[in-house]
There are 2 protein chains.
Amino acid sequence: MVADPLSRVFSALADPTRRDIVARLAVGDATVNELAAPYDVTVQAVSKHLKVLEDAGLVSRSREAQRRPVHLEANVFDLMTRWIERYRQQAEERYRRLDDVLRAMPDDVAPHPPTDAAPTPIPQEGTPS
Amino acid sequence: MVADPLSRVFSALADPTRRDIVARLAVGDATVNELAAPYDVTVQAVSKHLKVLEDAGLVSRSREAQRRPVHLEANVFDLMTRWIERYRQQAEERYRRLDDVLRAMPDDVAPHPPTDAAPTPIPQEGTPS
DNA sequence: GCCATAGTCAACCGTTCGGTTGAAGAAGCG
DNA sequence: CGCTTCTTCAACCGAACGGTTGACTATGGC
């Protein structure tokens with residue numbers, strides 16, 4: 001896959017099995033076989049899932065004899081958290097302001113959902129700010 | 001699609017165009033045509049993207065004459081945030097504890113990555129707590 | 001060297017995804 | 001009513017996804 005980092009992280013976590021793997025790795029490192037055990041899919045399938053998680057930077061694998069312990073990389077979560085928080089706060093801020101406007105407005109002028117939309121400057125995510 | 005809510009939200013945001021739409025909606029509501037303008041894909045394609053975002057609960061659409069203003073639903077972001085924070089903190093806590101153990105250990109006993117993995121009780125995400 | 005164990009690579013298969021074109025709904029305007 | 005505008009539905013297409021089976025690589029123990 002050649003997608004941007006954020007897309008890789010989000011789509012890696014879009015699969016319930018992969019989220020479950022992440023959840024279990026939060027408790028402690030594990031080998032591929034250990035990770036595969038609970039699911040009724042082949043080890044190869046789990047190996048693929050781990051590759052997806054690794055490409056997203058969510059896990060890393062070392063070597064230890066024949067085993068390849070899988071390790072959760074917590075820091076990549078920040079990438080998501082930052083993205084999410086930015087737009088959540090922005091949206092909530094907008095509601096707060098809208099509330100103020102409506103409250104300050106004489107009742108007989110208050111309109112229905114005021115469609116404040118406009119050809120916005122298109123905040124591009126590549127240049128966040 | 002019949003996936004679980006969390007999967008829907010994550011995979012909705014796994015697409016850069018859809019994330020950009022969310023980013024622009026954080027500034028203010030907009031119609032399908034307005035949203036479609038900046039991209040060089042057809043309006044139908046954007047309409048599909050909006051359907052995905054709507055199914056994930058990230059946006060809602062009202063009606064206003066022929067227009068269907070699209071509105072960002074900020075509260076659904078919390079679902080993600082909660083999931084992310086749980087495992088991020090869990091993982092960080094684990095590192096902290098591991099650090100303590102290593103610090104408290106006489107140097108000549110300190111092992112390599114201790115592979116503390118085990119057939120963990122599998123914390124299932126359906127029953128988070 | 002030989003064999004068992006742990007994991008990955010490669011090819012294939014059905015389904016989903018993001019996109020297209022073309023037609024159809026829904027609502028305002030002359 | 002007929003026409004234009006905004007939006008969605010339907011069918012299709014190629015690429016990617018999640019899974020399988022089978023062969024291969026890598027390491028350790030005897």
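Values in this document were obtained by computation on a predicted structure and should not be read as measured data. Quick note on labels: first sequence line is chain A, next is B, and so on, each numbered from 1.
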K.L.:
How many Å lie between CG on A:Leu53 and P on C:dT8, as a whole number?
P.N.:
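Rounding to the nearest Å, CG of A:Leu53 and P of C:dT8 are 12 Å apart.
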K.L.:
I need the A:Thr31 OG1 to A:Arg67 CZ distance, nearest 0.5 Å.
P.N.:
8.0 Å
K.L.:
Hydrogens and angles aside, do B:Asp78 and B:Thr81 bring a side-chain donor and acceptor to less than 3.5 Å of each other?
P.N.:
no
K.L.:
If the condition is side-chain hydrogen bond (donor to acceptor under 3.5 Å, both in side chains), which residues does B:Ser60 pass it with, not counting sequence neighbours?
P.N.:
B:Glu73
K.L.:
Which residues pass the side-chain hydrogen bond (donor to acceptor under 3.5 Å, both in side chains) test with A:Glu85, sequence neighbours left out?
P.N.:
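side-chain hydrogen bond (donor to acceptor under 3.5 Å, both in side chains) check on A:Glu85 returns A:Arg88, A:Gln89.
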K.L.:
Please list all pairs passing the ring-ring contact (aromatic ring centres under 6.0 Å, His included) test where one or both residues lie in residues 8-38 of chain A, with sequence neighbours left out.
P.N.:
A:Phe10-A:Trp83
K.L.:
What's the closest nucleotide to the B:Arg61 side chain, out of C:dG19, D:dT8, C:dT8?
P.N.:
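Taking heavy atoms from C-beta onward, the closest nucleotide is D:dT8.
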K.L.:
To the nearest Å, give me how far apart CG (A:Leu35) and P (C:dT8) are.
P.N.:
11 Å
K.L.:
Nearest to the B:His49 side chain among D:dT8, D:dG19, C:dG19, which nucleotide is it?
P.N.:
C:dG19
K.L.:
Between the two ends of the helix from C:dG1-D:dC30 to C:dG30-D:dC1, what is the bend in degrees, rounded to 10 degrees, where each end axis spans five pairs?
P.N.:
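That helix gives 10° between its end axes.
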K.L.:
Hey, what are the protein-to-nucleotides 20-23 of chain C N/O distances that come in under 3.5 Å?
P.N.:
unit_1, atom_1, unit_2, atom_2, d
C:dT20, OP2, B:Thr42, N, 3.0
C:dT20, OP2, B:Thr42, OG1, 2.7
C:dG22, O6, B:Gln44, NE2, 2.9

K.L.:
When the distance from NZ of A:Lys51 to P of C:dA10 is rounded to whole Å, what number comes out?
P.N.:
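Nearest whole value for this atom pair: 11 Å.
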K.L.:
Roughly, in whole Å, what's the span from CZ in B:Arg18 to C1' in C:dG18?
P.N.:
8 Å
K.L.:
In whole angstroms, how far is the P atom of D:dC9 from the CG atom of B:Asp55?
P.N.:
11 Å
K.L.:
Taking only residues two or more places apart in sequence or in another chain, which ones pass side-chain hydrogen bond (donor to acceptor under 3.5 Å, both in side chains) with A:Gln44?
P.N.:
none
K.L.:
Is it the case that the side chain of B:Arg68 and the backbone of B:Ser62 share a donor-acceptor pair, with hydrogens and angles ignored and the cut-off at 3.5 Å?
P.N.:
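Yes, B:Arg68 side chain to B:Ser62 backbone: donor-acceptor pair under 3.5 Å.
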K.L.:
Could you list the residues that satisfy ring-ring contact (aromatic ring centres under 6.0 Å, His included) with A:Phe77, not counting sequence neighbours?
P.N.:
none
K.L.:
Just to verify, what does B:Ala37 make a side-chain contact (heavy atoms from CB on, under 4.5 Å) with, not counting sequence neighbours?
P.N.:
none
K.L.:
Strictly by salt bridge (Lys or Arg N to Asp or Glu O under 4.0 Å), give each pair with a member in residues 43-53 of chain A just once, sequence neighbours left out.
P.N.:
A:Lys51-A:Asp55
K.L.:
Does a side-chain N or O of B:Thr31 approach OP1 or OP2 of D:dC6 to a distance below 4.0 Å, or not?
P.N.:
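B:Thr31 to D:dC6 OP1/OP2: no side-chain N or O under 4.0 Å.
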K.L.:
Quick one: list whatever passes salt bridge (charged side-chain N to carboxylate O under 4.0 Å, His left out) with B:Arg61, sequence neighbours left out.
P.N.:
B:Glu54
K.L.:
Rounded to whole Å, how long is the line connecting atom CD of A:Glu54 with atom P of C:dG7?
P.N.:
13 Å
K.L.:
Do the side-chain N or O atoms of B:Asn33 get closer than 4.0 angstrom to the phosphate oxygens (OP1, OP2) of D:dT5?
P.N.:
no
K.L.:
Mark up nucleotides 25-30 of chain D, 5' to 3', with B wherever a protein heavy atom is under 4.0 angstrom from a base atom, S wherever such an atom reaches only the sugar-phosphate, and - elsewhere.
P.N.:
--BS--
